Number of protein chains: 2
Amino acid sequence: MCFALYAASRALTDVYRPILDEHGLTYPQYLVLLVLWERDDDAPTVSELGAALRLDSGTLSPLLKRLEAAGLVVRTRSAADERRVEVGLTGQGRALRERMGDVPRRVATATGLTEAELVFLHGILTRVTETIHRQKEQ
Amino acid sequence: MCFALYAASRALTDVYRPILDEHGLTYPQYLVLLVLWERDDDAPTVSELGAALRLDSGTLSPLLKRLEAAGLVVRTRSAADERRVEVGLTGQGRALRERMGDVPRRVATATGLTEAELVFLHGILTRVTETIHRQKEQ
DNA sequence: CGCAATCAAGTTGTGCGCAACTTATCGGGC
DNA sequence: GCCCGATAAGTTGCGCACAACTTGATTGCG
């Protein structure tokens, strides 16, 4: 089962790769943008992004630097708390949202699963993830 | 669904990490050993290992070097075809098999899923992986 | 036979993912 | 007001993954 999960995860990023490559993005970078698009004009901090994606600053800091260099994102020190860095979208970052609107459907098609199977799989995987993380916090 | 798969895969390696760490292994290294244990006194080539795990030589070459440095594996140029390198187990590598016999059960428990759910999940994930790879070859 | 195309493994470079550590800021107790 | 523990982000180091390339061996076609 465990190898199946590992293999499926890598196979899926194989599907994403050529699609995201059209926009010069990697899969983790795309995930960050998905979070930002959802919370537009909210500008989460690096920690909040990390909580949403379960990634730490060691992964996010360089990734966000690359997104900033690509002109999709801006990082600004919070005025209220100088420790925090807020991550906001640029106009270019917002514009990308529409151009990538069809990505989820293209990927879903490539999996060859039915809508019902996708929903079921989502449920069971989310449950596994949460079970594991709940155990870790104890 | 896609983030769920990505997150679940990483959560599962979080479960493996402390367990494998007791033996000084990483998860991909453990997967290589699983293949070798299954095919004992067969000594697959690097390519055959790659086909089994869907990893290329760029990933496997340095990984196998580390397993060799740990004394678990030996790499030998094939006499019949000097291009090939056969990967065999050392005595120490074989001995590790027994000591790690309980690993799968410990991990399965940590997922919090029932036996039936694990079987079902395995089936659906394997199908996704194969669907994706079949499409790529066309 | 000779040589061009193919193939196996390894190398290089980039980007995660995570542990361990560093730096700078913040907040609470005295 | 000051210090001490906690917190946020960043840095360093290591091990995958994967693309692109290199090196050396092999195969097959003329």
Side-chain angles (χ1 to χ4, degrees), chain A residues 3 6-18 20-21 24-33 43-51 53-70 73 75-87 129 132-133 136, chain B residues 3 6-18 20-21 24-33 43-51 53-70 73 75-87 133 136:
Chain A
F3 172 65
Y6 167 77
S9 175
R10 274 169 42 229
L12 200 59
T13 69
D14 279 353
V15 175
Y16 274 105
R17 201 182 326 279
L20 296 181
D21 217 47
L25 293 176
T26 65
Y27 183 58
Q29 287 167 10
Y30 172 65
L31 289 178
V32 167
L33 289 178
T45 65
V46 174
S47 295
E48 286 165 354
L49 270 176
L53 300 175
R54 298 197 175 280
L55 293 170
D56 67 2
S57 68
T59 300
L60 286 174
S61 286
L63 188 157
L64 291 170
K65 247 191 217 173
R66 283 186 284 270
L67 285 181
E68 190 169 43
V73 143
R75 294 182 303 156
T76 39
R77 283 275 161 197
S78 160
D81 184 344
E82 291 267 337
R83 290 173 303 180
R84 295 165 187 255
V85 167
E86 287 157 5
V87 181
T129 305
I132 291 172
H133 286 122
K136 263 182 60 172
Chain B
F3 172 65
Y6 167 78
S9 175
R10 275 167 43 228
L12 199 59
T13 69
D14 280 353
V15 175
Y16 274 105
R17 192 166 302 106
L20 297 181
D21 218 46
L25 293 176
T26 65
Y27 183 58
Q29 288 167 10
Y30 172 64
L31 290 178
V32 166
L33 288 178
T45 64
V46 174
S47 295
E48 285 165 354
L49 270 176
L53 300 175
R54 298 196 174 281
L55 293 170
D56 68 3
S57 68
T59 301
L60 287 174
S61 286
L63 187 156
L64 292 171
K65 248 192 219 173
R66 283 186 284 271
L67 284 182
E68 189 169 45
V73 142
R75 294 183 303 157
T76 41
R77 283 273 162 200
S78 160
D81 185 342
E82 291 267 338
R83 290 174 304 180
R84 294 165 187 257
V85 167
E86 287 157 5
V87 182
H133 286 122
K136 263 181 62 173

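Keep in mind that this is a model prediction, so the values were computed, not measured. In what follows, every chain begins at residue 1, and chains take the letters A, B, ... in the order their sequences are listed.
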Considering just the side-chain nitrogens and oxygens of A:Arg77, establish if one lies under 4.0 Å of OP1 or OP2 belonging to D:dA8. no

A:Ser47 vs A:Ala11, nearer the 5' end of DNA chain D by closest nucleotide: A:Ser47

Quick one: pull up CG in B:Leu12 and CD1 in A:Ile132 and give me the separation to the nearest 0.5 Å. 5.0 Å

When A:Gly58 and B:Glu48 are each assigned the nearest nucleotide of DNA chain C, the 5'-most assignment goes to B:Glu48

Looking at A:Tyr6, does any N or O in its side chain come under 4.0 Å of the phosphate oxygens OP1/OP2 on D:dA17? yes

For the pair made of CG in B:Leu31 and P in D:dG15, what is the distance, rounded to whole Å? 17 Å

Between D:dT26 and B:Arg83, counting only base atoms on the nucleotide and side-chain atoms on the residue, is there a donor-acceptor pair under 3.5 Å? no

Rounded to whole angstrom units, what separation is found between the CZ atom of B:Phe3 and the C1' atom of C:dG17? 13 Å

Regarding B:Thr45, tell me which of base, sugar-phosphate or nothing describes its non-hydrogen contacts under 4.0 Å with the strands shown. sugar-phosphate

For B:Tyr30 and B:Tyr16, take the angle between the two ring planes, folded into 0 to 90°, and tell me which bin it lands in: parallel under 30, tilted 30 to 60, perpendicular over 60. tilted

If I take atom CG in residue B:Leu55 and atom C1' in nucleotide C:dA9, what distance separates them, rounded to the nearest angstrom? 15 Å

Quick check for you: to the nearest 0.5 Å, what is the distance between B:Asp81 atom CG and B:Thr45 atom OG1? 9.5 Å

Could you check whether the side chain of B:Thr26 and the base of D:dG15 have a donor-acceptor pair of N or O atoms closer than 3.5 Å, going by distance alone? no

Value in whole Å for how far the C1' atom of D:dC14 lies from NZ of B:Lys65: 15 Å

How many whole angstroms separate atom CZ of B:Arg75 from atom C1' of C:dA9? 9 Å

Measuring to OP1 and OP2 of D:dG10, would you say a side-chain N or O of A:Ser61 lies under 4.0 angstrom away? yes

Is A:Leu63 touching bases, backbone alone, or none of the nucleic acid, heavy atoms closer than 4.0 Å? sugar-phosphate

Measure the distance from OH on B:Tyr16 to C1' on D:dC16 and round it to the nearest whole Å. 17 Å

Counting only side-chain heavy atoms from C-beta out, which of C:dG10, C:dC18, D:dG15 sits nearest to B:Arg17? C:dC18

Quick check: closest heavy atoms across B:Tyr6 and A:Leu31, and the distance to 0.1 Å? CE2-CD1, 3.3 Å

Rounded to whole angstroms, how far apart are CG on B:Leu64 and C1' on D:dC16? 13 Å

From the options C:dT25, C:dC18, D:dG15, select the nucleotide whose nearest atom is closest to the side chain of B:Gln29. D:dG15

When you measure from the side chain of A:Thr59, which nucleotide among D:dA17, C:dC16, D:dA9 comes out closest? C:dC16

Closest approach to the side chain of B:Arg66, judged atom by atom: which nucleotide of C:dA8, D:dG15, D:dA8 is it? D:dG15

Check B:Leu63, B:Leu55, B:Leu60 against B:Leu49 for a side-chain contact (heavy atoms from CB on, under 4.5 Å) and give me the one that passes. B:Leu60

Rounded to whole Å, CZ of B:Arg10 lies from C1' of C:dC18 at a distance of 10 Å

B:Pro62 and B:Ser57: which non-hydrogen atoms are nearest, and at how many Å? CD-O, 4.0 Å

When the nearest nucleotide of DNA chain C is assigned to A:Glu82 and to B:Thr13 on a heavy-atom basis, which residue is associated with the more 5' position? B:Thr13

